[in-house]
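None of these values were measured; they are calculated from a predicted model. Counting convention: from 1, in listed order, for ligands and their atoms alike.
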Amino acid sequence: MKDCIFCKIIAGEIPVKTKVFEDDKVFAFEDINPQAPVHILIVPKKHISCLNEASNENLELLGYIQLAASQIAKQKGLEGGYRLVNNCGADAGQTVFHIHYHLLGGRVFAWPPG
Ligand code: 5GP
Ligand code: ZN
């Protein structure tokens, strides 16, 4: 989608420092402003603005992203655990309106989140 920063990253129009994983469905790269020693964004190649815009058509893709996250967490050695976060909507802190999941690890996280 035009004017979407993550679509531009996926298309290679905006370079990312560290691509972590790519296949035909998802693109994963390090967050530019990491909140943990490991902070990777896992983004579907298909533009969906947020979880509320997803439908039954996207069921398989959403499951696929979670399994990709667990594979990446294994590759990154996050045996102690990790957090997979989706911010949906402004109140949750979503700033990029192309659905994505934050894979956070490498430190101990508090609960409840801020
Ligand atoms: P949100 O706040 O929407 O849940 O997450 C958006 C995330 O995208 C933020 O953590 C932000 O640091 C990251 N981000 C925004 N622009 C870029 C960029 O150009 N490159 C990378 N690698 N991350 C970005
Ligand atoms: Zn997009």
Side-chain angles (χ1 to χ4, degrees):
M1 177 181 267
K2 204 171 154 282
D3 296 333
C4 169
I5 190 165
F6 285 176
C7 281
K8 286 181 180 167
I9 286 174
I10 290 161
E13 291 165 19
I14 295 176
V16 281
K17 244 199 234 160
T18 315
K19 178 163 95 176
V20 176
F21 176 76
E22 180 177 12
D23 67 8
D24 58 326
K25 295 186 189 63
V26 302
F27 195 90
F29 52 97
E30 287 183 0
D31 196 293
I32 202 168
N33 182 23
Q35 303 300 313
V38 175
H39 187 169
I40 294 164
L41 299 172
I42 304 168
V43 182
K45 288 190 167 176
K46 183 180 170 60
H47 181 95
I48 301 167
S49 60
C50 67
L51 200 48
N52 281 353
E53 296 302 317
S55 67
N56 281 347
E57 264 178 47
N58 311 121
L59 266 178
E60 198 179 324
L61 180 60
L62 294 174
Y64 191 85
I65 292 170
Q66 292 198 52
L67 295 180
S70 93
Q71 288 302 314
I72 294 168
K74 276 181 202 144
Q75 279 167 23
K76 292 287 173 185
L78 301 177
E79 290 90 5
Y82 56 87
R83 202 168 269 182
L84 189 64
V85 174
N86 169 252
N87 295 324
C88 181
D91 282 2
Q94 186 176 8
T95 57
V96 177
F97 286 82
H98 178 135
I99 197 169
H100 55 278
Y101 290 74
H102 299 255
L103 174 63
L104 296 148
R107 67 172 171 86
V108 174
F109 296 99
W111 192 264

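Inter-residue side-chain proximity for Asn87 and Tyr101 is flagged as unmet; no heavy-atom pair is nearer than 4.5 Å. Contact check for Tyr82 versus Leu103: side-chain heavy atoms found under the 4.5 Å cut-off. You'll find the side chain of Ile9 reaches within 4.5 Å of the side chain of Phe27, heavy atoms only.
When non-hydrogen atoms are compared, ligand 1 lies under 4.0 Å from neither the backbone nor the side chain of Val85. With a heavy-atom cut-off of 4.0 Å, His102 touches ligand 1 through its side chain alone. Contacts with ligand 1 closer than 4.0 Å are made by side-chain heavy atoms of Ile5 only, the backbone lying farther away. When heavy-atom distances to ligand 1 are checked against a 4.0 Å cut-off, Phe29 comes that close only through its side chain, counted from C-beta outward. Contact annotation for Tyr101 and ligand 1: no heavy atom of the residue comes within less than 4.0 Å of the ligand. By the criterion of a heavy-atom distance under 4.0 Å, both the backbone and the side chain of Thr95 are placed next to ligand 1. With a 4.0 Å heavy-atom cut-off, ligand 1 is reached by no atom of Lys17.
Here's the thing with Glu30: one of its N/O atoms is less than 3.5 angstrom from an N/O atom of ligand 1. Not a single N or O atom of His39, backbone or side chain, sits closer than 3.5 Å to an N or O atom of ligand 1.
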(message) side chain to side chain contact (heavy atoms under 4.5 Å, CB included) for Leu104 and Leu84? Distances and angles first, verdict last.
(response) CA-CA 6 Å; Leu104 296 148; Leu84 189 64; over 6 Å; no
(request) Please test Val43 against Ile10 for side chain to side chain contact (heavy atoms under 4.5 Å, CB included), starting from the C-alpha separation and ending with a verdict. (result) CA-CA 9 Å; Val43 182; Ile10 290 161; 3.9 Å; yes
(request) Step by step, work out the side chain to side chain contact (heavy atoms under 4.5 Å, CB included) result for Leu41 and His39. (result) CA-CA 7 Å; Leu41 299 172; His39 187 169; 4.1 Å; yes
(message) If you apply the rule side chain to side chain contact (heavy atoms under 4.5 Å, CB included), what do you find for Asn52 with Cys88, and how did you get there?
(response) CA-CA 7 Å; Asn52 281 353; Cys88 181; 3.9 Å; yes
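Residue-ligand proximity, Phe6 to ligand 1, at heavy-atom distances under 4.0 Å covers atoms 8 (O). Atom numbering of ligand 1 starts at 1 in the shown order; those under 4.0 Å from a heavy atom of Leu41 are 8 (O), 13 (C), 23 (N). Atoms of ligand 1 found under 4.0 Å from any heavy atom of Asn33 (numbered from 1 in listed order, with element): 12 (O). Counting the atoms of ligand 1 from 1 in the order shown, those under 4.0 Å from a heavy atom of Asn87 are 4 (O).
With respect to atom 15 (C) of ligand 1, the closest heavy atom belonging to the protein is Val96 CG2, 4.2 Å. Shortest contact from atom 5 (O) of ligand 1 to any protein heavy atom: His100 NE2, 2.9 Å.
Proximity of a side-chain donor or acceptor of Lys45 to a complementary backbone N or O of Asp23 within less than 3.5 Å is detected. Not one N or O on the side chain of Gln75 forms a donor-acceptor pair closer than 3.5 Å with the backbone of Val20. Between the side chain of Arg107 and the backbone N or O of Gln35 there is at least one donor-acceptor pair closer than 3.5 Å. With hydrogens and angles disregarded, a donor-acceptor distance shorter than 3.5 Å links the side chain of Gln94 to the backbone of Gly89.
Just one of Ile42, Thr18, Val16 meets the side-chain contact (heavy atoms from CB on, under 4.5 Å) condition when paired with Phe29; it is Val16.
In this structure, Glu13 places its CD atom where more than 12 heavy-atom neighbours from other residues, nucleotides or ligands lie under 6.0 Å away.
Distances from ligand 1 to the non-hydrogen atoms of Phe97 include no value under 4.0 Å. Ligand 1 lies nowhere less than 4.0 angstrom from a heavy atom belonging to Ile14.
Summarising the contacts of atom 9 (C) of ligand 1 with Ile32, Asp31, Val16, the nearest heavy atom is found in Asp31.
Within the protein, the N, O or S atoms sitting under 2.8 Å from the Zn ion (ligand 2) are Cys4 SG, Cys7 SG, His47 ND1, His98 ND1.
The ring of His100 has its center no closer than 6.0 angstrom to the ring center of His98.
A cation-pi contact, defined as under 6.0 Å to the ring centre and within 45° of the axis, links Lys25 to Tyr64.
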